2 protein chains.
Amino acid sequence: MTRGSITIGDVAAKAGVSRATVSRAFTRPNLLTPAVVEQVRRIADELGYVPNRIARALSTGRFGTIALLVPDIANPFFPPLIRAAQARADALGYAVFLGDSDETPDREDRLLAKLAPQVDGFVVASPRLDEARIRFHAGQKPTVLINRDIAGVPRVLIDVRGGIEMAITHLFALGHRRIAYVGGPAASWANQQREQAAMAAAQRFGIEELAIPAYRPTYEAGQAAVERLLAAGVSAAIAFDDIVAQGLVAGLSARGIVIPRDLSIVGFDDVLAVTTYPPLTTIDAHCADAGAAGVELLLEIIETGEKRDACQIIPTRLVQRESTGPVTTGEAIPGRSPSAGNRRRSTDQRGRT
Amino acid sequence: MTRGSITIGDVAAKAGVSRATVSRAFTRPNLLTPAVVEQVRRIADELGYVPNRIARALSTGRFGTIALLVPDIANPFFPPLIRAAQARADALGYAVFLGDSDETPDREDRLLAKLAPQVDGFVVASPRLDEARIRFHAGQKPTVLINRDIAGVPRVLIDVRGGIEMAITHLFALGHRRIAYVGGPAASWANQQREQAAMAAAQRFGIEELAIPAYRPTYEAGQAAVERLLAAGVSAAIAFDDIVAQGLVAGLSARGIVIPRDLSIVGFDDVLAVTTYPPLTTIDAHCADAGAAGVELLLEIIETGEKRDACQIIPTRLVQRESTGPVTTGEAIPGRSPSAGNRRRSTDQRGRT
DNA sequence: TTGTAAGCGTTATCAC
DNA sequence: GTGATAACGCTTACAA
């Protein structure tokens with residue numbers, strides 16, 4: 001097994017010191033005579049010696065790597081989160097494994113187990129695994145959750161209530177008194193949280209609020225919910241996320257309904273808002289911040305070794321764009337005729353966060 | 001140094017065999033009696049044993065990891081690519097480091113150097129580094145390029161010409177005789193390639209084609225290009241990518257121009273087409289396929305050890321949706337009055353691939 | 001077919 | 001301060 005690279009032994013031999021000394025010259029130079037440190041380093045440089053991280057990892061049990069797990073990289077919620085997490089980890093000297101659980105708890109479980117022996121810790125965004133398994137893995141390796149609230153496991157959460165509150169305040173001010181929450185999958189923790197927050201806030205404002213399921217968090221599901229939305233006779237809707245919102249916008253536009261003149265739509269997450277027409281009013285979840293915060297929290301735990309039961313809340317804010325406006329007729333106008341545009345293919349643009 | 005995890009020794013003890021046998025049960029089961037293999041595996045499962053890849057790497061010099069480098073995770077072109085690459089690598093037993101060069105050659109260089117000692121190879125999508133440096137790194141570790149054509153370096157390219165050809169055929173059939181190519185950054189290899197292909201194809205059809213720069217590959221740049229597009233008096237435009245296309249759609253819609261009645265728009269990549277309104281006609285670049293192909297090619301090179309100068313072409317196809325239609329007036333109508341909607345914030349939705 | 005034992009390159013624990 | 005030496009967990013000749 002000839003691995004040509006220069007090892008600590010080569011440097012030690014050439015410098016006339018022991019391998020331990022060479023090691024120390026890099027890891028604990030203050031334990032050595034400055035002159036020795038300098039000489040060793042010079043020789044190491046000459047030889048082009050680079051410490052082998054793998055060997056170091058085997059010896060220390062520290063890898064300088066973390067794993068970031070998400071349910072679906074292609075879900076627009078995650079790329080900004082991944083990007084920020086990666087950048088933060090890189091800046092702090094860590095390399096990042098990326099894992100995609102494809103929305104399935106089993107694959108998440110497998111990835112956790114597979115990567116555990118080569119990482120210092122995990123950031124798991126929107127975990128799909130059940131609480132017991134998460135607790136188990138979190139007990140093995142430092143683990144930070146994003147978008148899931150399990151007491152005792154460090155986590156980064158999004159201030160859903162605050163965001164929803166702002167959205168409802170906004171709609172109330174525009175005169176809306178009967179609105180809908182178009183939800184995502186009933187089993188989703190995020191959806192439950194968002195729906196509850198919406199209901200609670202509406203009640204506080206004396207607004208009538210109907211929950212309309214979209215079942216799946218996709219563009220198509222949003223389109224499919226349009227009929228139910230119109231039947232509900234509301235003047236505004238808050239969607240589970242931007243994807244569902246965009247599905248609603250498309251479905252409504254196809255029926256000749258003009259947004260926001262006839263109906264106001266609020267999204268959630270602010271992941272594609274600005275690329276839609278009309279630009280979507282939405283609740284900015286600062287998902288990039290969540291990613292960065294998750295990594296920071298994890299590395300702090302790793303490096304201090306403390307078992308902090310941290311729970312960091314990422315603030316949200318309402319971004320007012322052009323999909324919301326004042327009530328005109330007071331109710332949505334019924335749909336005209338369905339448009340011709342129906343040849344849409346199935347797509348991977350999912351929306352569950 | 002207590003690393004609690006289960007080791008090969010634990011399994012060996014419980015199974016009453018040597019550690020070598022356990023090792024072989026996982027790496028070379030065909031050397032063992034099937035019964036032994038099965039028993040060892042069962043016990044390993046019971047104990048929750050997972051081979052320590054670091055230890056394995058130290059022993060074999062192979063890591064079971066690859067790195068995937070992209071210029072910007074949040075650019076919608078990449079998530080499907082990353083997802084497919086990750087899935088393919090995972091299925092073949094590899095873990096994936098993800099690196100984001102943030103569009104800067106230097107960071108790409110740094111990531112390559114930093115990750116090199118812990119991976120078996122690289123997939124670099126849309127490299128920003130100059131040819132010499134890429135050649136250097138490719139000489140050190142197996143490297144596959146996506147979206148960059150450097151002779152001698154294995155690469156996966158997209159059939160831009162074919163896609164453009166289909167788009168122009170489509171526009172020609174609809175009666176368009178004067179069209180525009182709204183380009184991305186002039187320095188981008190992808191943009192040059194796309195522009196050239198568009199010009200060549202138009203010429204073949206006897207179509208008049210104007211190149212309109214968008215300078216940056218963003219939604220905003222697309223919007224900003226609208227004025228120039230209208231001034232050009234064309235009836236259709238092919239955009240550098242879907243993001244720019246979507247910017248055009250938004251800018252045109254804001255001026256009261258109806259798509260495709262007044263103007264036809266074709267995107268490129270098919271990364272957000274279905275979530276827009278109207279649904280975008282676009283050239284599907286099959287970026288997921290490119291990601292999977294990149295990984296497969298890399299792993300083949302790693303595992304066979306062959307230095308193949310492979311150049312794999314990913315086919316494209318035109319996806320006809322609703323942003324293209326027959327010429328009506330023959331020319332675009334001039335803009336009416338600019339809409340009110342102008343409070344758009346700067347965003348990270350970039351589009352350069 | 002299976003076991004023994006020598007690495008892989010580093011760091012940690014002792015002595016000196 | 002510095003040097004032996006034993007881990008770290010696994011793979012792989014080489015024996016048996």
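None of the values given here were measured: they were computed from a predicted structure. A, B, ... follow the sequence lines: proteins, then strands. Residue 1 opens every chain.
Between A/Asp120 and A/Lys141 there is no salt bridge, since none of the side-chain N atoms of the basic residue sits less than 4.0 Å from a carboxylate O of the acidic one. Between B/Glu46 and B/Arg42 there is a salt bridge, since at least one side-chain N of the basic residue sits less than 4.0 Å from a carboxylate O of the acidic one. Salt bridge status for A/Arg135 with A/Glu131: present, with a side-chain N to carboxylate O gap under 4.0 Å.
A/Ser59 contributes no side-chain N or O that forms a donor-acceptor pair with the base of C/dG9 under 3.5 Å. Counting atom types as modelled, B/Arg53 pairs no side-chain N or O with a base atom of D/dG9 as donor and acceptor under 3.5 Å.
As rounded to whole Å, 19 Å separates atom P of D/dG9 from atom CZ of B/Phe63. Between B/Arg19 atom CZ and D/dC8 atom P there is a gap of 10 Å when expressed in whole angstrom units. Whole-Å rounding puts the B/Arg24 CZ to D/dT12 P distance at 10 Å. The nearest whole Å value for the distance from the CD1 atom in A/Ile8 to the C1' atom in D/dA7 is 15 Å. Straight-line distance from the CZ atom of A/Phe26 to the P atom of C/dT11: 9 Å, rounded to whole Å. In this structure, A/Asn52 atom CG and C/dG7 atom C1' are separated by 14 Å, rounded to whole Å. Distance A/Ile54 CD1 to C/dT11 P: 13 Å, rounded to the nearest Å. A straight line from CZ of B/Arg28 to P of D/dT12 spans 5 Å, rounded to a whole angstrom.
Closest contact between the side chain of B/Thr33 and the listed nucleotides C/dT2, D/dG9, C/dT11 involves C/dT2. Listed candidates were C/dG9, C/dG3, C/dT11. Nearest to the side chain of A/Thr60 is C/dT11.
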Any chance you could lay out the ring-ring contact (aromatic ring centres under 6.0 Å, His included) test for A/Phe97 and B/Tyr94, step after step, and finish with the verdict?
CA-CA 11 Å; A/Phe97 283 109; B/Tyr94 284 73; over 10 Å; no

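The phosphate of D/dT11 (OP1 or OP2) has a side-chain N or O of B/Ser23 nearer than 4.0 angstrom. Applying the 4.0 Å criterion to OP1 and OP2 of D/dG3, one finds that A/Ser18 has a side-chain N or O inside that range.
When heavy atoms are screened at a 4.0 angstrom cut-off, A/Pro117 is found touching no nucleic acid atom at all. Across all strands shown, A/Val17 has heavy atoms under 4.0 Å from sugar-phosphate atoms exclusively, and none from any base. The residue A/Tyr49 sits close only to the backbone: its heavy atoms come under 4.0 Å of sugar-phosphate atoms, none of a base.
Comparing B/Ala55 and B/Asn30 against DNA chain C, the residue whose closest nucleotide sits nearer the 5' end is B/Asn30.
The side-chain heavy atoms of B/Thr104 and B/Arg128, taken from C-beta on, include no pair separated by under 4.5 Å.
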